[in-house]
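In what follows, a structure is listed as structure tokens, so that the remarks can point back to it.
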Amino acid sequence: MIVLGIESTAHTFGAAIVNKKGQVLSDVRDIFTTTTGGMIPTQVAEHHTQVADSVITKAFADAKVNHVDLVVYSRGPGLAPCLHVGIAKAKEYAKSFGCDIIGANHPMAHLTSGLLFTEAQDPVMLYLSGANTQIIALEAGKYRVFGETEDVGLGNALDKFARTLGLGFPGGPQIEQLALQGKWIELPYTVKGMDVAFSGIITRVTQLAKKGVAKEDLCYSLQEVFFSMITEVTERAMAHLNKQEVLLIGGVAANKRLCSMLGTMCKARGATFFAVPMQYAGDNGAMIAWQGLLEYHAGRREKKLDIYPYERCDEIDVIWKSAKPPLSK
Ligand code: ATP
Ligand code: FE2
């Protein structure tokens with residue numbers, strides 16, 4: 001069985017072809033960019049409309065196939081105008097192949113593709129992207145959120161401070177570089193139970209930057225405090241859930257200091273740390289294809305083709321037995 005996955009929730013329009021062994025036969029992406037930094041949903045949707053056919057055509061050419069057995073689209077959460085482009089294209093291609101079509105939840109696809117692309121079996125999952133900061137684990141048939149941000153996502157918090165420093169977008173990598181030359185200064189630490197909050201700390205470093213404190217020191221200290229908060233709640237989730245693995249997914253997984261902190265914590269507990277390969281950390285069609293394939297293989301058929309701009313991963317029933325390949329039939 002060969003599947004086309006279409007991703008269109010935000011900045012990335014992606015198309016990928018994946019088989020039931022979990023092999024990615026092609027993975028093509030075109031990312032909306034802007035010099036001003038913000039994303040206007042209708043403009044992003046316009047971008048997706050313009051690139052959709054060439055991205056999908058290239059996905060077929062790269063995979064050297066001219067037919068698929070299933071089309072999967074990302075149904076949400078995301079920007080509604082962008083989701084509309086994805087579902088419309090998915091319908092068009094499914095019709096032309098006379099095959100079934102199914103929608104997939106985007107964060108769930110990040111989670112299950114993390115399992116596809118690593119050796120992790122039953123981890124506490126850390127989903128750290130621009131918009132998302134969640135500590136998630138599979139418990140009693142659902143991927144449940146055990147902790148999350150009370151305000152902005154970790155990546156967006158880093159991006160916001162980077163913008164204040166005039167470092168450009170995305171800010172995470174720039175902050176990571178500056179942090180290498182910095183030293184510690186005292187900052188607030190905001191963990192509330194299993195949740196974290198970043199905004200107050202961003203306000204504090206912004207004030208300090210205006211007072212002329214070295215940006216290297218601010219970047220270093222900001223990373224130390226943010227990543228310590230994340231590591232603390234992750235460790236608590238592992239202890240409560242009795243899990244021996246951590247799987248880091250999302251764009252912030254690129255950060256070496258974060259990976260090293262989580263790795264150290266895992267080692268001290270005799271646990272194992274995994275991070276999704278960078279190639280698949282960002283939004284892509286392959287993860288959508290794999291998620292759809294898992295659900296389709298487990299028997300789910302789409303009753304109503306629609307988009308769900310606010311759907312969370314903990315709303316999805318985990319009907320598949322394992323997220324690992326190969327699928328039996
Ligand atoms: P989602 O829709 O899944 O929330 P997203 O588009 O918000 O995805 P990703 O593409 O997964 O986010 O990740 C982008 C974020 O990752 C940006 O905020 C960026 O600053 C951050 N990031 C990228 N590289 C690094 C790094 N080396 N250190 C810290 N943050 C990083
Ligand atoms: Fe994403």
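Atoms considered below: every heavy atom in the structure, side chains included; atoms not considered: hydrogens, waters and symmetry mates. Just follow the structure's listing: the first ligand is 1, and inside any ligand the first atom is 1.
- Of all protein heavy atoms, the one lying nearest to atom 3 (O) of ligand 1 is Tyr127 OH, 2.4 Å.
- Relative to the six-membered ring of Tyr296, Arg301 meets both conditions, a distance below 6.0 Å and an angle of at most 45° to the axis.
- Short contacts between ligand 1 and Gly171, defined as distances under 4.0 Å to a heavy atom of the residue, involve ligand atoms 20 (O).
- Contacts with ligand 1 closer than 4.0 Å are made by side-chain heavy atoms of Leu158 only, the backbone lying farther away.
- Annotation: atom 21 (C) of ligand 1 to nearest protein heavy atom, Val252 CG2, 3.9 Å.
- Rounding to the nearest 0.5 angstrom, the gap separating the CD atom in Gln223 from the CD atom in Glu176 is 5.5 Å.
- Between His47 and Phe32, the ring-plane angle classifies as perpendicular under the 30° and 60° cut-offs.
- Of the charged side-chain nitrogens involved, none lies within less than 4.0 Å of a carboxylate oxygen, so that Asp306 and Arg75 do not count as a salt-bridged pair.
- Taking a cutoff of 4.0 Å between a charged side-chain nitrogen and a carboxylate oxygen, Asp217 and Lys183 qualify as a salt bridge.
- With hydrogens left out, the protein atom closest to atom 4 (O) of ligand 1 is Ser129 OG, 2.5 Å, a heavy atom.
- Shortest contact from atom 31 (C) of ligand 1 to any protein heavy atom: Gly172 CA, 3.7 Å.
- The protein heavy-atom contact nearest to atom 28 (N) of ligand 1 is Asn255 ND2, 3.0 Å.
- When the heavy atoms of His11, His110, Glu176 are ranked by distance to atom 6 (O) of ligand 1, first place goes to His11.
- The nearest pair of heavy atoms linking Val65 to Ile2 is CG1-CD1, 4.0 Å.
- Which of Pro170, Cys259, Gly251 comes nearest to atom 19 (C) of ligand 1 through a heavy atom is settled by distance: it is Pro170.
- Residue contact check: Asp283 has heavy atoms under 4.0 Å from atoms 2 (O), 3 (O), 8 (O) of ligand 1.
- Of all heavy-atom pairs between Val276 and Leu247, the closest is N-CD1, 4.1 Å.
- At a 4.0 Å heavy-atom cut-off, ligand 1 does not touch Lys256 at all.
- When only modelled atom types and interatomic distance are considered, Thr12 and Glu7 share no side-chain donor-acceptor pair under 3.5 Å.
- When every heavy atom of Cys219 is checked against every heavy atom of Leu165, the shortest pair comes out as SG-CD1, 3.9 Å.
- Within the set Gly130, Ser74, Gly155, Ala131, the minimum heavy-atom distance to atom 14 (C) of ligand 1 is found for Gly130.
- In terms of heavy-atom proximity, Tyr308 sits nearest to Leu83 at C-CD1, 4.4 Å.
- Residue contacts with ligand 1 include Asp159, since one of its heavy atoms falls under 4.0 Å from the ligand.
- Taking every heavy atom of both residues into account, Ser74 and Ser8 meet most closely at OG-N, 3.1 Å.
- Checked for salt-bridge contact, Arg269 and Glu235 meet the test: a charged N lies under 4.0 Å from a carboxylate O.
- Residue contacts with ligand 1 include His106, since one of its heavy atoms falls under 4.0 Å from the ligand.
- Of all heavy-atom pairs spanning Val44 and His11, the tightest one is CG1-CA, 4.1 Å.
- Listed by number with element, the atoms of ligand 1 under 4.0 angstrom from any heavy atom of Ala254 are 24 (N), 27 (N).
- In this model, a donor atom of one side chain and an acceptor atom of the other lie less than 3.5 Å apart for His110 and Asp283.
- Below the 2.8 Å limit, the Fe ion (ligand 2) has as protein N, O or S neighbours His106 NE2, His110 NE2, Asp283 OD1.
- Under the 4.0 angstrom criterion for non-hydrogen atoms, Ala10 is not in contact with ligand 1.
- Contacts with ligand 1 closer than 4.0 Å are made by no heavy atom of Leu154, backbone or side chain.
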